[in-house]
Chemist: 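Quick one: the structure is below, and I'll ask about it shortly.
Keep in mind that what you see is a predicted model, and the values were worked out from it rather than measured.
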Amino acid sequence: MTAVSHDGGRPSPDSSEVVGYALEGEIALVTLNRPERLNAVNHDLVRGLCRALDRAGADGAAAVVLTGAGRAFCAGHDLKQPPETVPDEHSLRRLQDIQDVTRKIRALAAPVIAAVHGYALGAGCEFALCCDLVVAERGTVFGFPEVEVGLGVTGGISHLLPLAVGAVRAKELVLLGRRFDADEAARLGLANAVVGDAREEAMAWARELAGKPRLAAALAKQCLDQGPEGDLEAALELEVAASLGLMATTEAAEAADRFAARGRTPETS
């Protein structure tokens with residue numbers, strides 16, 4: 001259940017939920033909900049996010065939109081939390097939970113769209129970049145301040161960021177920790193679009209994705225995720241397996257019929 005925020009009219013979840021979840025038709029809307037802390041990351045938020053992603057999968061959502069309540073998407077780790085000075089089992093579990101966010105997003109059959117506004121810093125930037133698509137609102141500030149505050153990068157960003165921007169630029173972004181805006185994020189290939197209202201645009205994209213054949217979209221996501229991690233031959237084999245699997249379903253024929261009904265055929269599109 002959602003409520004309307006008085007901060008610019010941006011919808012936000014019930015105030016008792018650290019991470020809100022709503023199923024709007026076939027679209028799961030997941031909302032980070034610590035607006036008083038700019039949705040800064042603590043243990044409860046990470047665990048809540050993992051549970052919401054599991055729920056989206058269990059509900060069979062066709063697409064997932066990840067957003068933040070209030071003035072920011074996520075301002076990174078909550079530095080007001082007591083520092084951990086001695087590594088222990090709690091520290092390990094906390095880090096593994098953060099890594100599980102990336103694992104769960106990649107494991108979901110449904111595409112996950114990050115609707116980013118305000119700030120996407122540190123872990124918040126990592127949450128956004130492990131999503132399949134990123135819609136950034138004008139004025140959004142991105143950055144990786146971990147080194148500056150004595151923290152390590154998480155969420156698989158040491159793998160995902162160099163894939164997106166190259167090794168040299170990834171080191172610049174992480175080691176120098178300079179903040180950059182939404183237009184720069186798009187130029188670097190870290191955002192798909194820069195818009196006036198990220199949540200509204202992301203929901204529009206999600207509705208478009210929900211209208212596409214589910215299995216085809218899921219297998220395309222899987223191929224694109226795994227392709228850069230192996231060699232070309234492995235990518236070719238995965239594509240063949242996915243294509244053969246799609247031929248065994250009715251989705252391809254039904255999609256072709258819809259295409260033809262619009263006056264186009266797959267051969268001429």
Side-chain angles (χ1 to χ4, degrees), residues 5 7-12 22 24-32 38-39 49 53 56 61-76 101-102 105-106 108-144 155-157 160-166 169-170 173 178-213 216-218 220-225 227-228 269:
S5 166
D7 183 6
R10 184 179 297 278
S12 63
E24 301 185 7
E26 296 181 296
I27 300 166
L29 177 63
V30 177
T31 307
L32 307 179
L38 298 180
N39 300 316
L49 177 53
L53 293 169
V64 179
V65 173
L66 174 61
T67 188
R71 298 187 293 115
F73 175 72
C74 176
V101 172
T102 300
I105 287 174
R106 289 173 66 89
L108 273 175
V112 182
I113 308 169
V116 185
H117 71 285
Y119 294 97
L121 301 174
C125 198
E126 293 163 5
F127 287 162
L129 298 186
C130 71
C131 291
D132 301 298
L133 299 167
V134 180
V135 178
E137 201 161 289
R138 294 186 187 94
T140 302
V141 178
F142 293 82
F144 298 94
I157 210 68
L160 298 173
L161 187 61
L163 282 178
V165 303
R169 185 53 60 87
L173 294 176
R178 292 172 181 162
R179 298 184 179 190
F180 52 99
D181 63 16
D183 288 329
E184 180 70 2
R187 189 185 71 78
L188 289 169
L190 300 178
N192 298 93
V194 180
V195 299
D197 189 320
R199 181 183 179 279
E200 180 179 330
E201 185 70 11
M203 290 296 289
W205 286 27
R207 287 190 289 271
E208 182 178 352
L209 286 167
K212 298 183 183 297
K221 170 178 172 172
Q222 181 184 13
C223 288
L224 291 168
D225 277 345
S269 62

Chemist: Tell me the closest heavy-atom pair linking Thr102 and Gly155, and the distance in Å.
Modeler: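 Closest pair (atom of Thr102, atom of Gly155, distance): OG1-O, 2.7 Å.
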Chemist: Using the ring pair (Phe, Tyr, Trp, His ring centres under 6.0 Å) rule, collect all pairs that involve residues 183-206, keeping only residues at least two apart or in two chains.
Modeler: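 Listed once each, the pairs would be none.
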Chemist: Is there a donor-acceptor pair closer than 3.5 Å between any side-chain N or O of His117 and the backbone N or O of Gly196?
Modeler: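 Such a contact is absent between His117 side chain and Gly196 backbone.
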Chemist: For Asp132, which residues count as a side chain to side chain donor-acceptor pair (under 3.5 Å) partner, sequence neighbours excluded?
Modeler: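 Expected list: Lys221.
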Chemist: Applying side-chain contact (heavy atoms from CB on, under 4.5 Å), name anything that partners Ala72, two or more places apart in sequence or on another chain.
Modeler: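 Once residues adjacent in sequence are excluded, the partners of Ala72 under the side-chain contact (heavy atoms from CB on, under 4.5 Å) criterion are Leu38, Tyr119.
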Chemist: Tell me the closest heavy-atom pair linking Leu32 and Phe73, and the distance in Å.
Modeler: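 Shortest heavy-atom separation between Leu32 and Phe73 comes out as CD1-O, 3.6 Å.
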Chemist: Would you say Arg178 and Leu173 make side-chain contact, with heavy atoms under 4.5 Å?
Modeler: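 No, their side chains stay 4.5 Å or more apart.
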Chemist: Check the pair Phe127 / Ile105 against side chain to side chain contact (heavy atoms under 4.5 Å, CB included), numbers first and verdict last.
Modeler: CA-CA 9 Å; Phe127 287 162; Ile105 287 174; over 6 Å; no
Chemist: Without placing hydrogens or testing angles, list every side-chain donor-acceptor pair under 3.5 Å for residues 182-195, not counting sequence neighbours.
Modeler:
unit_1 : atom_1 : unit_2 : atom_2 : d
Glu184 : OE1    : Arg187 : NE     : 3.0
Glu184 : OE2    : Arg187 : NH2    : 2.7
Asn192 : OD1    : Val134 : N      : 2.7

Chemist: Could you tell me the separation between the OG1 atom of Thr140 and the CG atom of Leu121, rounded to the nearest 0.5 Å?
Modeler: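 Here the rounded value is 10.0 Å.
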Chemist: Please round to the nearest 0.5 Å and tell me the distance separating atom CG of Leu163 and atom CG of Leu129.
Modeler: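 That separation rounds to 12.0 Å.
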Chemist: Check side-chain contact (heavy atoms from CB on, under 4.5 Å) between Ala123 and all other residues, then give those that pass, not counting sequence neighbours.
Modeler: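 Applying side-chain contact (heavy atoms from CB on, under 4.5 Å) to Ala123 gives Val41, His77, Glu126.
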Chemist: Quick one: list whatever passes side chain to side chain donor-acceptor pair (under 3.5 Å) with Arg169, sequence neighbours left out.
Modeler: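 Here the qualifying residues are Glu172.
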Chemist: Mind listing the closest non-hydrogen atom pair of Pro111 and Ala62 along with its distance?
Modeler: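 It is CD-O, 3.4 Å.
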Chemist: Quick check: closest heavy atoms across Ala56 and Val64, and the distance to 0.1 Å?
Modeler: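 Nearest pair, atom of Ala56 first, then Val64: CB-CG2, 3.8 Å.
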Chemist: Among Leu29, Val135, Ile113, whose side-chain contact (heavy atoms from CB on, under 4.5 Å) with Arg199 holds?
Modeler: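 Of the listed options, the one satisfying the test is Leu29.
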Chemist: Kindly compute the distance separating CG (Leu66) from SG (Cys130), expressed to the nearest 0.5 Å.
Modeler: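 It is 8.0 Å, given to the nearest 0.5 Å.
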